[in-house]
Protein chains: 2
Amino acid sequence: MISILLFEDNKNLRESLSLYLAGTDGLWLSGAYADATEAVKLVKKYKPDVVLMDIQMPHLSGIEAMRAIKKVNPEVKVLIQTVFEDDDKIFAAICAGANGYIIKNPKAETYVQAVTDVYNGGSHLSPSIAAKVMKMFQNQFVQKEQTYVSLTQREKEVLQCMVKGMSYKMVADACDISFNTVHSHVKNIYEKLHVNSAPEAVVKALEMRLV
Amino acid sequence: MISILLFEDNKNLRESLSLYLAGTDGLWLSGAYADATEAVKLVKKYKPDVVLMDIQMPHLSGIEAMRAIKKVNPEVKVLIQTVFEDDDKIFAAICAGANGYIIKNPKAETYVQAVTDVYNGGSHLSPSIAAKVMKMFQNQFVQKEQTYVSLTQREKEVLQCMVKGMSYKMVADACDISFNTVHSHVKNIYEKLHVNSAPEAVVKALEMRLV
DNA sequence: CGGTAAATCCCCAATATTGGGGATAAAGCT
DNA sequence: AGCTTTATCCCCAATATTGGGGATTTACCG
């Protein structure tokens, strides 16, 4: 049973959504409110699994409300629903820790799917939103030619350890291999990345998102 | 009618997927191939609406194949399907212009949904992938808890040099100070950041956006 | 004026890293 | 059966880093 708390200022939509969610097997509607100013208190009271939050609300915006909720209960999943597809709203919502972002939809089943997805630890994005997010992603990282470097599994592991600031000894311990083997892997990594010190390798690894 | 071209090296999956897609109303399977080396030619020949591409293929990886296709026919939608959830693969796929990224799934309907979504100009991401993408997004733009550390001007300069992968000698040269002075600054930096090696300091500096 | 912070420089010794060899075993490919 | 890759291990010697001291100058603040 997934328990849900709904915030939606539009009376019509709130009531029809409530009706639908409450009547769906596997879902439990803990409450439906037109205002998010009390959101933190309500979350504390009902301990819902998922909060379904309209982005545009009087007094306190859905994003602000989510930020407040996440601050106190980071484990509560928040699903943003809205009619807005502005890049900046999407951006703000994601940065504030939204677990999903769906466009208000005539198809009620998408709500069930989205709620289930976020409840299970995934994220749910409406197709148009996903497209925008991926576009933003591309724009952000158009930068460097990814001269693709293929590190082996072990090499990646070792590199990951190095990024965590571990010394050869600690890496050896963490990967359960000998100091000498770590040394060998490091030599190979340096060769492949064309660097010759740990700090350089770490920076390059982060840049290239190899870890 | 949405026409589809399928690339999947696993015979079993290729055949069962072919069967399923070909038998679905509204979809038309133009072809199914185990190898993507001819992908560009095949796309030119069949002009599919959507290419369903496995990421791991012999000879030519799905991402490379997609890059080639997008170069010639940017309007063709490419849906990546894979068992991999590595950040770097997801990242590479998105940067190369993927229109969707789905985890190989026992539920065949998700394929139809995904194909339809990308055909309609949206993107489709499996929940776990969407979660990773949003996480990457957050990591990129939201700075972590700033336990404020006040580094002096010189210390910041030295740290910046270290992030560039420079050795003490090179830093000394770049800042026009002696090796010993660099050493002193480094000691102070390590003290302030509570670390005791260059890689750790670099990671912390990047995390804290001190540079 | 005295105190403090920043920046500069130096010495020493213990570790750690780097780069150069080389070797073996398992797995995969041709 | 050979070849390559990956992962594993070892030795040695040259550098580099780290951590512990201490010292001087400059500048700023009350």
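Just so it is clear, the model here is predicted, and its values are computed rather than measured. Proteins come first, then strands; the chains are lettered A, B, ... in the order of their sequence lines, and each starts at number 1.
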(request) Go along nucleotides 10-20 of chain D 5' to 3' and tag each nucleotide: B for a protein heavy atom under 4.0 Å from its base, S when only backbone or sugar atoms are that close, - otherwise. (result) B-----SSBBB
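Using a 4.0 Å cut-off between a side-chain N of Lys or Arg and a carboxylate O of Asp or Glu, B:Lys104 and B:Asp54 qualify as a salt bridge. Using a 4.0 Å cut-off between charged nitrogen and carboxylate oxygen, A:Glu207 and A:Lys204 do not count as a salt-bridge pair. Using a 4.0 Å cut-off between charged nitrogen and carboxylate oxygen, A:Lys187 and A:Glu191 do not count as a salt-bridge pair.
If you check every strand for non-hydrogen atoms under 4.0 Å, A:Gln153 touches sugar and phosphate atoms only.
Atom-to-atom, CG of B:Asp176 to C1' of C:dT8 comes out at 12 Å; the value is rounded to the nearest Å. Summarising the geometry, the separation between CD1 on A:Ile177 and P on C:dA25 is reported as 19 Å, rounded to the nearest angstrom. Distance A:Leu159 CG to D:dA7 C1': 17 Å, rounded to the nearest Å. What separates CG of A:Leu151 from P of D:dA7 is a distance of 10 Å, to the nearest Å. Following rounding to the nearest Å, B:Ile189 (CD1) and C:dT8 (P) show an atom-to-atom distance of 12 Å.
Judged as a salt bridge (charged side-chain N to carboxylate O under 4.0 Å, His left out), and not counting sequence neighbours, the contacts of A:Asp87 are A:Lys132.
Tested against B:Pro48, the residues B:Val43, B:Ile4, B:Ile69 include a single side-chain contact (heavy atoms from CB on, under 4.5 Å) partner, B:Val43. For the side-chain contact (heavy atoms from CB on, under 4.5 Å) criterion with A:Leu52, the lone passing option out of A:Leu21, A:Leu5, A:Val118, A:Ile80 is A:Leu21.
In this model, the phosphate group of C:dA5 is not approached by any side-chain N or O of B:Thr152 to a distance below 4.0 Å at OP1 or OP2.
The C1' atoms of five pairs define one axis at each end of the helix from C:dC1-D:dG30 to C:dT30-D:dA1, and these two axes lie 50° apart (to 10°).
Between B:Pro199 and A:Val163 the shortest side-chain heavy-atom distance does not fall below 4.5 Å.
The number of heavy atoms from other shown groups lying within 6.0 Å of CD (B:Glu85) is above 12.
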